[in-house]
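Lettering of chains follows the sequences in order, A, B, ..., and the numbering in each one begins at 1.
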Amino acid sequence: MLVLSRPNLKIPDKYTFTFVITACSRHPMMVNYGESAHGMVIKNRYESDMFVGNSLLSMYTIFSKMEGARRVFDEMPQRDVVTWTSLVSGYAKCGDLDTAQNLFDKMPERNDVSWAVMIAGYVGGGKYTDALRHFNDMLYDDKVKVNEAVIVCVLSACAHLGAIDQGKWVHVYIDKSEVAVSSNILTALIDMYAKCGRIDCAKRVFNRISERDVFMWTSMISGLSMHGLGKDALQIFSQMLAEGIKPDNITLLGVLNGCSHSGLVAEGCSIFYNMEPLWGIVPKIAHYGCLIDLLGRAGQLIRAFEVVKSMPIEPDVVIWRALLSSCRIHCDVGLGERIIDHIAQLDPSNHGGGHVLLSNLYAAIGHWDKVAGARNMMSEIGVELSPGCSWIEVDGVIHEFFAADRLHPRIVEIHKKLNEVLQRISMKGFYIPNTKQVLFDLSEEEKEQAVSWHSEKLAVAFGLLNTEVGTPIRIVKNLRICEDCHCAMKAISRVFSREIVVRDRSRFHTFREGNCSCSDYW
DNA sequence: CGTGCTTTCG
């Protein structure tokens, strides 16, 4: 506790308070200390100083105490652009984007930081198209200049959306604007190109950098891993170590991911078990997830299960999902059922994610009665399924499709095209509808109907309708691509001579002349 | 003398 008054104690001035309060907000354990500093501010009548008020307001937003922040804001006799921006930032960070937007609209004056706060808020809340819309609005405002933070956020939004046209535009914009190309921007560029399917461009940006920090290396490594280029990821990783850069836990996640997608079991295990001895990084649950995925995918299910049972951390849904997903790939129902029992014993309330996978596992081997059972269980415990969704960018405009979409303005035309495409690839003998992964207990005909409505199929039909013959089609999907869609994409790439790049939840699939870059290992 | 924003993975 702070001692508020002692006879010999010198009274701190307003500068002291600003320093102390900002120092508090940089330390998560300093909430109480900061609050007593607030008390002293009032006692010493410094509340009317704008710098003191702003630092207090900012402190409350950093500790997610929005009532406190609001109180400081309301009681400040004068407010400037920093005051307003801090409050907007507070609401944006705690996810209340509506309130943030309302305040942003009401602010008497906005500068580059105010815009950055708003754009960052939308990116943080996963509202990437809204972030890009605000960037666009910002460009029309002559009174403000784009800064580094805005560029980084916008590139991150493009990366998440797979919006390569807009991403490239931003790259060109950086080069001709006054924004200095910083290490943050370079990292964001590498990440954007990699996540938009242009690993070649990502490499070009990376290779031109003379001094690389751990973020840039990590971006490059993770990008290669996502593209199934595990060997390249390992090679860049050893180059990084050779240059004396110490990996952080995210670098290691990236490398392990790469090993897992490329079936590099020995390399991945060796890195995992060396994390602590070599780099002093204690494996977190996500690293265990990678290891289990690596072993399970490669068919070493028992070994993967052993790792789960002996982990020093409580396994979470992600871990069980990795294990169950491997059981599905290798059609191991026995182990799948044991895992479900095991989860049920540990925590009977929260294993919804497992039931989706178990249901898929039963479906994969045609046990439709058990699929129905798992689905009933899911509705009983109220599991929410996130709807499948795919995006495609055509001429800089992002089009969004949901599974069984009926809302897109051109849905009739798209569905007609899709039927035509599916018929053509079936007739050529490259595609037989595969309904294994449809969750519903439907008739064969209905199942076929259901898979043909998957969002990535709608997106590819839209792409074939609206892009030039011979140009690649790029699609981003929120879930993992299903076996049937994977098979259809391979056939379409061959029959229509199109390169199709699909980024799903876990990696990239590049379809060319009937083959996929993942070699059907995903 | 002091205040607000940003990156790699889940």
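An OP1 or OP2 oxygen of dC9(B) is reached within less than 4.0 angstrom by no side-chain nitrogen or oxygen of K284(A). Residue N257(A) places at least one side-chain N or O under 4.0 Å from the OP1 or OP2 atom of dG10(B).
With distances taken from any side-chain atom of S89(A) to the nucleotides dC5(B), dC9(B), dG2(B), the minimum falls on dC5(B). Considering only the side chain of S114(A), dG4(B) comes nearest among dC1(B), dG4(B), dC5(B). Taking only side-chain atoms of K195(A), from C-beta outward, the nucleotide of dT8(B), dG2(B), dG4(B) with the closest atom is dT8(B). In this structure, of dT7(B), dC1(B), dT6(B), it is dT7(B) that holds the atom nearest to the side chain of T187(A). For S58(A), the side-chain atoms get nearest to dG4(B) when compared with the rest of dG4(B), dG2(B), dG10(B). Comparing dC9(B), dT6(B), dT3(B) by their nearest atom to the side chain of A149(A) picks out dT6(B). Set against dT6(B), dT3(B), dC9(B), the side chain of N184(A) has dT6(B) as its closest nucleotide. Distances were taken from every side-chain heavy atom of S86(A) (C-beta onward) to each of dG4(B), dC5(B), dT8(B); the shortest belongs to dG4(B).
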message: Using salt bridge (charged side-chain N to carboxylate O under 4.0 Å, His left out), reason through R133(A) and D130(A) one step at a time and then give a plain yes or no.
response: CA-CA 5 Å; R133(A) 205 188 63 238; D130(A) 292 315; 2.7 Å; yes
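How far CE of M220(A) is from CG of L186(A): 13.0 Å, rounded to the nearest 0.5 Å.
Between F508(A) and H227(A), the ring planes are parallel. Angles under 30° get that label, and only those over 60° would be called perpendicular. A perpendicular orientation is assigned to the rings of W320(A) and F305(A), their planes being inclined by more than 60° (bins at 30° and 60°).
Near DNA chain B, meaning a heavy atom under 4.0 Å from it, residues 225-251 of chain A has M226(A), D248(A), I250(A) in order of number.
Residue side chain T85(A) reaches the base of dG4(B) through a donor-acceptor N/O pair under 3.5 Å, judged by distance alone. Between the side chain of D49(A) and the base of dG2(B) there is at least one donor-acceptor pair of N/O atoms closer than 3.5 Å.
Here F215(A) counts as stacked on dT7(B): its ring centre is under 5.5 angstrom from the base ring centre and the planes meet at under 30°. dG2(B) has no base stacking with the ring of Y15(A) when judged by centroids under 5.5 angstrom apart and an interplanar angle below 30°.
We find that E306(A) and R303(A) are not joined by a salt bridge, their nearest charged nitrogen and carboxylate oxygen being 4.0 Å or further apart.
Counting non-hydrogen atoms of neighbouring residues, nucleotides and ligands closer than 6.0 angstrom, the NZ atom of K106(A) reaches no more than 12 such neighbours.
Atoms CD1 (I119(A)) and C1' (dG4(B)) sit 15 Å apart, rounded to a whole Å.
Taking the ring centroids of W115(A) and F104(A), they lie under the 6.0 Å cut-off.
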